[in-house]
Novice: 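Have a look at this one.
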There are 2 protein chains.
Amino acid sequence: MARGHPAGPTGPAIRRAFDLLDLFTTARPRLTLSQLARHGGVPLSTAHRLVAELVRWGALERDPDGSYHIGLRLWELGALAPRGQGLREIALPFLEDLSQISRENVQLAVREGAELVFVERIAGTGAVPVFTRVGGRFALTATGVGLVLLAHAPTEIQDDVLGGRIERYTERTVTDPARLRRMLADVRTNGFSISDRQVTTDSLSVGAPIHDHLGQVVAAVSLVVRHGTASPHTLAPLVRTSARAISHALARRR
Amino acid sequence: MARGHPAGPTGPAIRRAFDLLDLFTTARPRLTLSQLARHGGVPLSTAHRLVAELVRWGALERDPDGSYHIGLRLWELGALAPRGQGLREIALPFLEDLSQISRENVQLAVREGAELVFVERIAGTGAVPVFTRVGGRFALTATGVGLVLLAHAPTEIQDDVLGGRIERYTERTVTDPARLRRMLADVRTNGFSISDRQVTTDSLSVGAPIHDHLGQVVAAVSLVVRHGTASPHTLAPLVRTSARAISHALARRR
DNA sequence: GCTGAGCTTCCATATCACGGAAGTCTCGTT
DNA sequence: AACGAGACTTCCGTGATATGGAAGCTCAGC
């Protein structure tokens with residue numbers, strides 16, 4: 001017939017819908033229908049139908065100008081994620097204490113695949129400015145939190161990360177896999193990590209692991225200070241104590 | 001044949017998937033497959049397939065004990081919601097100032113349909129304990145923020161709310177539609193709202209509207225204080241000033 | 001009034017979702 | 001050890017539901 005054409009074989013509808021949602025990023029939090037269709041590799045009419053369905057539920061919302069953005073319903077749902085908001089709520093008072101005591105930046109992160117996701121960040125009064133964003137991702141290889149999370153990640157992930165390309169941020173960034181492996185072993189024996197000017201040339205961070213009720217490492221805290229301000233070895237006990245306190249709070253809450 | 005039966009007519013796969021996600025609440029953040037199937041009114045094998053798809057993408061994660069919970073990916077996505085995390089980030093410094101100055105509780109909320117959603121809550125040092133939870137919902141009729149949001153909601157929503165059942169929390173809760181309409185008119189002319197012991201018998205809240213760059217009311221702030229501590233009319237200018245500052249910050253950020 | 005970009009609707013087709021049933025796994029009980 | 005109940009996983013014949021090309025629509029710019 002004139003109308004109607006063989007439906008193209010594609011993928012599960014659910015996956016396609018989430019792939020469209022995935023196009024929203026910090027850098028581009030608002031997208032038009034045609035941008036979604038183009039970047040998502042989906043025919044316009046299909047994108048239109050999927051998006052309409054997402055709007056109906058509240059996963060997306062529409063601006064007066066016609067562009068779409070992530071809806072409040074999705075934010076509400078996300079707030080139920082134990083590794084996101086849940087962790088954040090339990091840890092917050094401890095992180096605030098840590099920030100008060102040290103007057104430095106505090107970071108809380110979890111591992112997601114071969115990267116880390118920042119769950120909370122508290123800026124110390126007059127501390128080094130830090131670029132991280134809550135909800136943002138970063139490599140596991142360079143930061144204090146990253147080294148802790150990588151050190152306690154499954155071997156599979158470690159091999160994956162160490163075998164792949166390791167991003168360099170400063171001239172002191174460790175990119176040699178063998179040396180990184182030794183650093184990770186140190187992190188496991190010492191119970192804390194040190195990242196000395198590996199991300200920026202003037203900052204240093206000390207991280208420690210947070211465990212769940214089964215003893216698994218589920219998150220990491222770190223202090224980020226200006227290089228030369230304090231010795232990492234002075235900071236380590238402070239961070240470890242805070243991490244241990246959070247671990248206990250976590251175990252109790254379950 | 002023995003195997004295979006007529007596929008039951010149901011609904012869009014996307015809707016069904018999100019309806020399953022909707023079963024997760026603050027009270028029940030972890031659910032097993034059979035709970036999802038039962039409460040979602042979905043055959044077990046169908047639930048299994050849908051959930052598997054959600055896990056593959058990262059919307060759900062699985063515990064060691066087999067139960068499911070909202071995944072980190074969803075939290076990351078939610079963090080991109082302009083009316084959720086986006087608003088929160090812009091408003092936070094102002095809310096902290098307000099909390100510091102007044103030493104009382106500060107609340108930030110937006111309207112979602114015929115309810116409100118709390119986007120941020122800051123507990124003042126030694127202030128009345130407040131039960132609200134970030135990400136939680138509440139009626140539009142009783143609180144300071146709720147009255148502001150309702151006063152500036154579309155007529156359709158107002159009629160819907162005032163025509164429906166109005167929840168009573170204390171003996172002072174206003175449940176008479178006509179009287180509520182007069183209160184809403186006052187809110188619009190005064191530029192602030194007062195909820196005097198309408199939610200709990202010992203607390204009082206004063207709310208003010210936050211506007212976007214087009215002048216639309218998109219959110220509301222309030223101070224929640226113990227009854228008798230301070231006059232609402234003393235608090236009003238403070239809250240309004242804060243709301244106006246947030247409105248400006250919001251307009252600039254766009 | 002024409003052009004073009006972005007959006008919306010339509011509908012014949014067949015892909016993909018559907019779910020009953022059978023199989024597996026893990027307990028706790030006899 | 002054998003049994004049984006409950007929860008989960010896999011299988012696969014069927015057709016309901018998602019698909020996308022094309023046509024229609026809206027609006028701004030020329």
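Per chain, numbering begins at 1; letters A, B, ... match sequence-line order. Hydrogens, waters and symmetry mates play no part in the numbers below; they use all other heavy atoms, side chains included.
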Novice: Taking atom CG of A:Leu54 and atom CG of A:Leu21, what is their separation to the nearest 0.5 Å?
Specialist: 5.0 Å

Novice: Would you call A:Glu61 and A:Arg73 a salt bridge, using N to O less than 4.0 angstrom?
Specialist: no

Novice: In terms of side-chain heavy atoms, does A:Glu167 have a donor or acceptor partner in A:Thr141 at a distance below 3.5 Å?
Specialist: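 Not at all, the side chains of A:Glu167 and A:Thr141 share no donor-acceptor pair under 3.5 Å.
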
Novice: What integer distance in Å separates A:Arg15:CZ from D:dA18:P?
Specialist: 17 Å

Novice: Rounded to the nearest angstrom, tell me the gap between atom CD1 in A:Ile14 and atom C1' in D:dT17.
Specialist: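 Result: 13 Å.
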
Novice: Can you tell me the distance, in whole Å, between the CG atom of B:Leu44 and the C1' atom of C:dG23?
Specialist: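 Spelled out: CG on B:Leu44 to C1' on C:dG23 is 14 Å.
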
Novice: Please state how far atom CG in B:Asp63 lies from atom C1' in D:dC8, giving the value in whole angstrom units.
Specialist: 16 Å

Novice: Can you pull out every ring-ring contact (aromatic ring centres under 6.0 Å, His included) where at least one residue sits in residues 22-58 of chain B? Sequence neighbours excluded, please.
Specialist: A:Phe18-B:Trp57

Novice: Taking only the side-chain nitrogens and oxygens of B:Thr32, find out if one of them lies under 4.0 Å from OP1 or OP2 of D:dA7.
Specialist: no

Novice: What's the closest nucleotide to the side chain of B:Ala13 if the choices are D:dT9, C:dC18, D:dT19?
Specialist: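 For the B:Ala13 side chain, the nearest candidate turns out to be C:dC18.
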
Novice: Whether B:Arg16 contacts D:dA16 is assessed here as follows: a side-chain N or O lying under 4.0 Å from the phosphate OP1 or OP2. Is that the case?
Specialist: no

Novice: Using only side-chain N and O atoms of A:His48, determine if any of them is under 4.0 Å from OP1 or OP2 of C:dC7.
Specialist: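 Checking A:His48 against C:dC7: no side-chain N or O falls below 4.0 Å of OP1 or OP2.
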
Novice: Which is true for B:Ser34 with a 4.0 Å heavy-atom rule: it touches a base, it touches only sugar-phosphate, or it touches nothing?
Specialist: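 Sugar-phosphate contact only - B:Ser34 comes under 4.0 Å of backbone atoms but never of a base.
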
Novice: Check whether the ring centres of A:Phe138 and A:Phe131 lie less than 6.0 Å apart, and answer yes or no.
Specialist: yes

Novice: Please pick, from C:dG19, D:dC8, D:dT19, the nucleotide with the shortest atom-to-atom distance to any side-chain atom of A:Leu50.
Specialist: D:dT19

Novice: Rounding to an integer number of Å, can you tell me how far A:Glu53 CD sits from C:dT9 P?
Specialist: 14 Å

Novice: For nucleotides 25-28 of chain D, which of its nitrogen or oxygen atoms have a protein nitrogen or oxygen under 3.5 Å away, and what is each distance?
Specialist:
none

Novice: Would you mind telling me which of C:dC18, C:dG6, D:dT10 lies closest to the side-chain atoms of A:Arg38?
Specialist: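 That would be C:dG6.
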
Novice: In whole angstrom, what separates B:Leu33's CG from D:dT10's P?
Specialist: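 Interatomic distance, CG of B:Leu33 to P of D:dT10: 11 Å.
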
Novice: Ignoring hydrogens and angles, are the base of C:dG19 and the side chain of B:Ser45 linked by a donor-acceptor pair under 3.5 Å?
Specialist: yes

Novice: Enter the distance from B:Thr132:OG1 to B:Glu120:CD here, rounded to the nearest 0.5 Å.
Specialist: 10.0 Å

Novice: I need the CZ-P distance between A:Arg56 and D:dA18, as an integer number of Å.
Specialist: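 To the nearest whole Å, that distance equals 11 Å.
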
Novice: Do A:Asp159 and A:Arg181 sit within salt-bridge range, that is, some charged N less than 4.0 Å from a carboxylate O?
Specialist: yes

Novice: With respect to the side chain of B:Arg49, which nucleotide from C:dG19, D:dT9, D:dG20 is positioned closest?
Specialist: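 That would be C:dG19.
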
Novice: Output the rounded distance in Å from CG (A:Asp19) to C1' (D:dA18).
Specialist: 16 Å

